[in-house]
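Naming: A, B, ... by sequence-line order, numbering from 1 per chain. Computed from a predicted model, the values in this text were never measured in an experiment.
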Number of protein chains: 2
Amino acid sequence: MTRSLDRLTLLETFVRIAERGSISAAARDLGLSQASASRQLADLEERLGAQLIVRSTHHLSLTKAGERCLADARLLLAEWEGFAEDFAGDADRIAGPLKIVVPVALGQTVALDCAVAFQAAHPEIVLDWILDDAPNRFSEVGCDLWLRVGAVPDETLIVQPLAEVERIVVAAPGLVGPADGDPQALANVPCAALHPFEGGRWPLTGPLGETADLDARVTFASNNIATTKRVAVAGGGYAIMPRWLVAAELEAGTLVEPLPGWRAASLTINAAFAPARRQTRRLRLFIDAMKDGLAGLA
Amino acid sequence: MTRSLDRLTLLETFVRIAERGSISAAARDLGLSQASASRQLADLEERLGAQLIVRSTHHLSLTKAGERCLADARLLLAEWEGFAEDFAGDADRIAGPLKIVVPVALGQTVALDCAVAFQAAHPEIVLDWILDDAPNRFSEVGCDLWLRVGAVPDETLIVQPLAEVERIVVAAPGLVGPADGDPQALANVPCAALHPFEGGRWPLTGPLGETADLDARVTFASNNIATTKRVAVAGGGYAIMPRWLVAAELEAGTLVEPLPGWRAASLTINAAFAPARRQTRRLRLFIDAMKDGLAGLA
DNA sequence: TATTGTTATACACTTAACGTATGACTCGAT
DNA sequence: ATCGAGTCATACGTTAAGTGTATAACAATA
């Protein structure tokens, strides 16, 4: 009987090499010698009959086959983990890493509160909390969970809505004169928007359910909502903001609502994750905790 | 770095042991010594932290955990195989085993024709063709594909309809006098039915789309349609049969249609298989070939 | 009872994966 | 240009774990 090293271990090594972009770095992470890691990668390539990684002394890159293999290897490893977890002798022990990518503003505020409470409740879970506003592809970051405000640009993922985000119009006091409940009073006022901003106007809904389109003169756009808020507070323009993000400023009076009762279309906070047939228990628990914690956001 | 034997190999050994109900028999199948097989099973149990099999010298049985593990192990192994297949150097080579469980009548006739043609087209695929009318659970037989006429009694499976089966009323010549197109003329005629037969009557549709219920005096019932046909040919009763199953007898005149143009509700031939996220190529090809081959059945 | 088959385990053997060492290469600093 | 540091692949001796053989205990059957 031919003995062979664990196929799943080969996949783990490959995934770590791909994530680190270096055989040596991955070997150090995994507690192997560089030679062993190099050989395990070669073994996997031989077993699968395809080159997965193009080697050079200072730069590794994935082949097309390597990219496919990376996604599928992650899924297979997740399947094994979920499978093995079902039989764990200590069925109530919830442990292991969770890598979560979350937009900066959300990840510094309400979602962070939820995550901290979750981690306190499950101290053996290690949270890797990555704040990132870049519209990365899920497959590039290799995380367990991707929190997004708004649409998830990857149809291969399972998307679970967690909460709705109410958005209101805010501005620094003095930037806007009395709008008298008319959205068009802001048509020529500078606007600080989130990038990408499309359509040139904000569809708004008023206190009585009436609708109006506010034409937007965008003078500042960023992919980071916290900077957009800073610009608004500094009087650089009005902004459309989640209420929870500006609650303190509204309380302090550094921001006001020039259009009280008017709201922009709400956005959904979504949890996105890979469609492994079986999720680890800690991921499911985390998603549930996040959904509960964000439920009072509206 | 701790070296470990392949986790997937441990699962393969476990599945074979469970299917054979014997560590020794599985070891012989796999080309291992009995001692190695025994140890691999013990290793898997230790790794998962659960007892999977209750041992005795002459009888092995699965624990509850073992039953779950069996289903999931099969899926994980299928996932690996589909995954590895994607990278095979010889991408056009279609090889490996396929275990198919099929009702006896279907498996001796039209489905067999399709399977034989498929095997001729793909000589490196080994078909394990199991005829079985027993209403087994899918998980008991451990096959790749389960062909069923009618509903599939397992909601965990993916069910793909392949063809519709037209069913007509047939009887031996002389059993029934002229029915004059009236289904109730057969109400007191003995009927040979398939087991289980429920409802006590046959809903029929006539040549002009008219409907009638034929009350059934069932004097013979079997789970094997071929025996039901034999009873019909022998004059033991009329029967509701797929047209393709009695085509030869109708041609030879050993069976006649006492109700020409009347038909019973058609049944669907379904292909059922486990919801692994990725199917092996040969299974997909086989299902497609079966669907094409049965398309002209109606 | 004897025979045959089962599973678990001790023991010596086998072998593949291990780490160390080395060479070729690349990059950045001087 | 040289030097130092880091990269990856591979040869070689070592290590560790899985292997089969042998054995004991048990169970079923004739």
Side-chain angles (χ1 to χ4, degrees), chain A residues 1-63 65-66 69-70 73 77 84, chain B residues 1-63 65-66 69-70 73 77 84:
Chain A
M1 174 60 186
T2 324
R3 278 176 280 173
S4 55
L5 191 63
D6 192 11
R7 281 169 270 177
L8 296 175
T9 298
L10 297 183
L11 294 183
E12 284 168 356
T13 303
F14 166 69
V15 168
R16 184 58 64 95
I17 289 169
E19 288 178 349
R20 293 297 301 264
S22 157
I23 296 178
S24 301
R28 289 191 296 268
D29 286 351
L30 298 171
L32 301 180
S33 70
Q34 173 268 321
S36 287
S38 178
R39 275 190 301 252
Q40 284 188 11
L41 176 60
D43 284 352
L44 182 62
E45 284 174 324
E46 183 181 352
R47 186 182 282 266
L48 295 181
Q51 186 182 14
L52 303 176
I53 283 182
V54 180
R55 278 89 143 170
S56 67
T57 58
H58 273 71
H59 178 64
L60 300 188
S61 56
L62 286 173
T63 63
C69 184
L70 181 60
L77 290 168
Chain B
M1 172 63 188
T2 323
R3 280 176 279 178
S4 55
L5 191 63
D6 193 10
R7 280 169 270 177
L8 296 176
T9 298
L10 296 182
L11 293 183
E12 284 166 357
T13 303
F14 165 69
V15 169
R16 185 57 65 94
I17 290 168
E19 288 177 349
R20 294 294 303 264
S22 157
I23 297 178
S24 302
R28 289 190 296 268
D29 286 352
L30 299 172
L32 301 179
S33 70
Q34 173 268 321
S36 288
S38 177
R39 277 192 300 252
Q40 285 189 9
L41 176 59
D43 285 352
L44 181 62
E45 284 176 324
E46 183 181 352
R47 185 183 282 267
L48 296 181
Q51 185 182 16
L52 304 176
I53 282 181
V54 180
R55 280 90 144 169
S56 69
T57 57
H58 273 72
H59 178 65
L60 300 189
S61 56
L62 286 172
T63 63
C69 184
L70 182 59
L77 291 168

Worksheet item: Taking CG from B:D6 and C1' from C:dT15, how many angstroms apart are they, rounded to a whole number?
Response: 16 Å
Fill in: Rounded interatomic separation in angstrom, taking CD from B:Q51 and P from C:dT7
14 Å
Practice prompt. Run through B:L5, B:L11, B:L10 and flag the one making a side-chain contact (heavy atoms from CB on, under 4.5 Å) with B:L8.
Written response: B:L11
Practice prompt. Could you check how far CZ of B:F14 sits from P of C:dT7, rounded to whole Å?
Written response: 14 Å
Worksheet entry | Value in whole Å for how far the C1' atom of C:dA8 lies from CD of B:E45 | 12 Å
Worksheet item: If every non-hydrogen atom of B:R20 is compared with every non-hydrogen atom of B:D29, which pair is closest and at what distance?
Response: NH1-OD2, 2.6 Å
Worksheet item: Where do A:L70 and A:A18 come nearest, in terms of heavy atoms and distance?
Response: CD1-CB, 3.8 Å
Discussion item. Looking at every non-hydrogen atom in both residues, tell me the closest pair between B:C69 and B:F14 and how far apart they are.
Written reply: SG-CE2, 3.7 Å
Tabulated below should be each protein N or O lying under 3.5 Å from an N or O of nucleotides 6-13 of chain D; please produce it.
unit_1	atom_1	unit_2	atom_2	d
D:dT7	O4'	A:T57	O	3.1
D:dC8	OP1	A:I23	N	2.5
D:dC8	OP2	A:S24	N	2.7
D:dC8	OP2	A:S24	OG	2.3
D:dA9	OP1	A:R55	NE	2.6
D:dA9	OP2	A:S38	OG	2.4
D:dA9	N7	A:Q34	NE2	3.1
D:dA9	N6	A:Q34	OE1	3.0

Item to complete: State the CZ-CD1 distance between A:R55 and A:I17, to the nearest 0.5 angstrom.
Response: 7.5 Å
Worksheet item: Over how many whole Å does the gap from B:I17 atom CD1 to C:dT7 atom P extend?
Response: 8 Å
Kindly list each side-chain donor-acceptor pair under 3.5 angstrom involving residues 21-28 of chain A, sequence neighbours excluded, with atom names and distances?
unit_1	atom_1	unit_2	atom_2	d
A:S22	OG	A:S24	N	3.3
A:S22	OG	A:A25	N	3.0

Worksheet item: Rounded to the nearest Å, what distance is computed from the CD atom of residue B:Q40 to the P atom of nucleotide C:dT9?
Response: 16 Å
Worksheet item: How sharply is the helix from C:dT1-D:dA30 to C:dT30-D:dA1 bent, taking the axes over five pairs at either end and rounding to 10 degrees?
Response: 20°
Worksheet item: Just how far, in rounded Å, is P of C:dG19 from CG of A:L30?
Response: 11 Å
Discussion item. I want to check something: taking the side chain as every heavy atom from C-beta on, are A:V54 and A:L60 in contact at a cut-off of under 4.5 Å?
Written reply: no
Worksheet item: Distance-only, no hydrogens or angles: does the A:Q40 side chain make a donor-acceptor pair with backbone N or O of A:E12 under 3.5 Å?
Response: no
